[in-house]
Amino acid sequence: MHTFRPQSQLPIGMFDSGVGGLTVLDALNRALPGEDILYLGDTARLPYGTKSPETITRYALQIAEKLVERGIKILIVACNTASAVALDALTAAWPALPVIGVVLPGAKAACAASQNGHIAVIATQSTIKGGAYQRAIRALRPGCRVIGKACPLFVPIAEEGWMDGPIVEAVAARYLSPIFLDVPKSERPDCLVLACTHFPLLKSAIRNVVGPDPAIVDAAAITAETVASTLAQGGLGHPEATQRRGSIHYLTTDDAARFAHIGSLFLGRPIADTDVELVDL
Ligand code: DGL
């Protein structure tokens, strides 16, 4: 356990196994443009989604240590896999640091979007195997039917920059047809949760496969809202947030130029090489 006191002028700290968490960063930066953000992408050890809970937790604790050492006021676990397995360990290690994951916000978004209480969750192998989303959804909406499906190939496909087209749709059809197409309409979920940072980038291909009916939700926007309200409640908003534009600084554990290149695809705007710093954990 560490002693730590958050201060309002410090940046928001966030991390992901790689560039995927930039989809959450984008939502956060839009919701809180006056806040500074320090983002760490652990690209040297990506993917997390195929690793054991013990390994993912060890990585998450090392990253938190690094970000706290740099100075942060809140920690956002912008990785579904790490949120699903390491949130309790992070909270136990840093009791005074507000720690927010993406699982609970994602589960809330799903429960709000579903009419029939039948929800499909797609994520990495680790996230699905651990069952954190399934538990969070059932806790918020008892009696809900939740189907979890690991879709690991979506991760390298998104990193390749293949956001749409026949290859992505073929992979999506292979994963999603058994849930959305090969069953009678009355048996289909009415909500699909994109419970992995990479999947929102493939949304239009996924939509083409599942058709117009199911709501497709992800955790980015609702996580940003949760962060905004946590900062406000804790008196942790930047004192000059309304009069300034916050800065964004990126840390990566491997190849800063590659992070800037692929990260720009995920963020939808350029990341300068000079904003990315290589760090060792
Ligand atoms: N960031 C991970 C997640 O959201 C996906 C990539 C990985 O497996 O590390 O689950």
Side-chain angles (χ1 to χ4, degrees), residues 13-28 39-64 67 75-87 90 99-107 109-110 120-136 148-163 168 171 175 192-203 206 216-224 250-255 258-259 262-263 265-267 281:
M14 59 192 302
F15 77 91
D16 176 45
S17 52
V19 289
L22 296 174
T23 53
V24 182
L25 183 147
D26 187 42
L28 200 59
Y39 178 99
L40 191 148
D42 191 9
T43 47
R45 303 189 291 195
L46 176 116
Y48 282 12
T50 50
K51 297 198 167 70
S52 69
E54 294 74 23
T55 298
I56 297 162
T57 302
R58 182 160 51 87
Y59 290 174
L61 289 169
Q62 287 173 346
I63 292 170
L67 291 173
L75 178 65
I76 318 307
V77 185
C79 172
N80 289 265
T81 305
S83 296
V85 302
L87 211 62
L90 288 166
V99 179
I100 293 178
V102 286
V103 172
L104 188 57
V121 178
I122 57 172
T124 62
Q125 277 153 344
S126 260
T127 302
I128 295 301
K129 206 165 145 210
Y133 261 97
Q134 295 90 318
R135 283 193 299 280
K149 172 85 183 167
C151 301
L153 267 185
F154 281 159
V155 172
I157 287 177
E159 297 234 335
E160 195 62 30
W162 296 355
M163 310 303 185
V168 193
V171 175
Y175 285 138
L192 173 63
V193 190
L194 307 182
C196 172
T197 48
H198 288 54
F199 298 1
L201 291 151
L202 311 178
K203 188 171 172 179
I206 292 171
I216 300 182
V217 301
D218 70 72
I222 183 162
T223 300
Y250 304 94
L251 308 176
T252 185
T253 51
D254 187 41
D255 198 339
R258 182 172 158 81
F259 180 98
I262 304 182
L265 287 177
F266 274 67
L267 198 56
L281 295 175

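Both backbone and side-chain heavy atoms feed into the values below; hydrogens, waters and symmetry mates do not. Just so you know, ligand 1 is whichever comes first in the structure, and atom 1 is the first atom listed for that ligand. Treat the numbers as computed from the prediction; the structure is a model and nothing was measured.
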>> Using 30° and 60° as the class boundaries, would you call the ring planes of Phe199 and Phe154 parallel, tilted or perpendicular?
In response: perpendicular
>> Students often mix this up, so state it plainly: with edges at 30° and 60°, are the rings of Tyr250 and Phe259 parallel, tilted or perpendicular?
In response: tilted
> Does any non-hydrogen side-chain atom of Leu40 lie less than 4.5 Å from one of Leu281?
Replying inline: yes
> Does CZ belonging to Arg258 count more than 12 external heavy atoms closer than 6.0 Å?
Replying inline: no
>> Are Thr43 and Asp255 packed together at the side-chain level, in the sense that at least one heavy-atom pair is separated by less than 4.5 angstrom?
In response: no
Dump the pairs for me: ligand 1 N or O, protein N or O, distance under 3.5 Å, to 0.1 Å.
{"residue": "ligand 1", "atom": "1 (N)", "partner": "Asp16", "partner atom": "OD1", "Å": "2.7"}
{"residue": "ligand 1", "atom": "1 (N)", "partner": "Ser17", "partner atom": "OG", "Å": "3.2"}
{"residue": "ligand 1", "atom": "1 (N)", "partner": "Thr197", "partner atom": "OG1", "Å": "2.9"}
{"residue": "ligand 1", "atom": "4 (O)", "partner": "Asn80", "partner atom": "N", "Å": "3.0"}
{"residue": "ligand 1", "atom": "4 (O)", "partner": "Asn80", "partner atom": "ND2", "Å": "3.3"}
{"residue": "ligand 1", "atom": "4 (O)", "partner": "Thr197", "partner atom": "N", "Å": "3.0"}
{"residue": "ligand 1", "atom": "4 (O)", "partner": "Thr197", "partner atom": "OG1", "Å": "3.1"}
{"residue": "ligand 1", "atom": "8 (O)", "partner": "Tyr48", "partner atom": "N", "Å": "3.4"}
{"residue": "ligand 1", "atom": "8 (O)", "partner": "Gly49", "partner atom": "N", "Å": "2.8"}
{"residue": "ligand 1", "atom": "9 (O)", "partner": "Ser17", "partner atom": "OG", "Å": "2.6"}
{"residue": "ligand 1", "atom": "9 (O)", "partner": "Tyr48", "partner atom": "N", "Å": "2.7"}
{"residue": "ligand 1", "atom": "10 (O)", "partner": "Thr81", "partner atom": "N", "Å": "3.1"}
{"residue": "ligand 1", "atom": "10 (O)", "partner": "Thr81", "partner atom": "OG1", "Å": "2.5"}

> Checking side-chain hydrogen bond (donor to acceptor under 3.5 Å, both in side chains) against Tyr48, which of Thr81, Asp42, Thr124 comes through?
Replying inline: Asp42
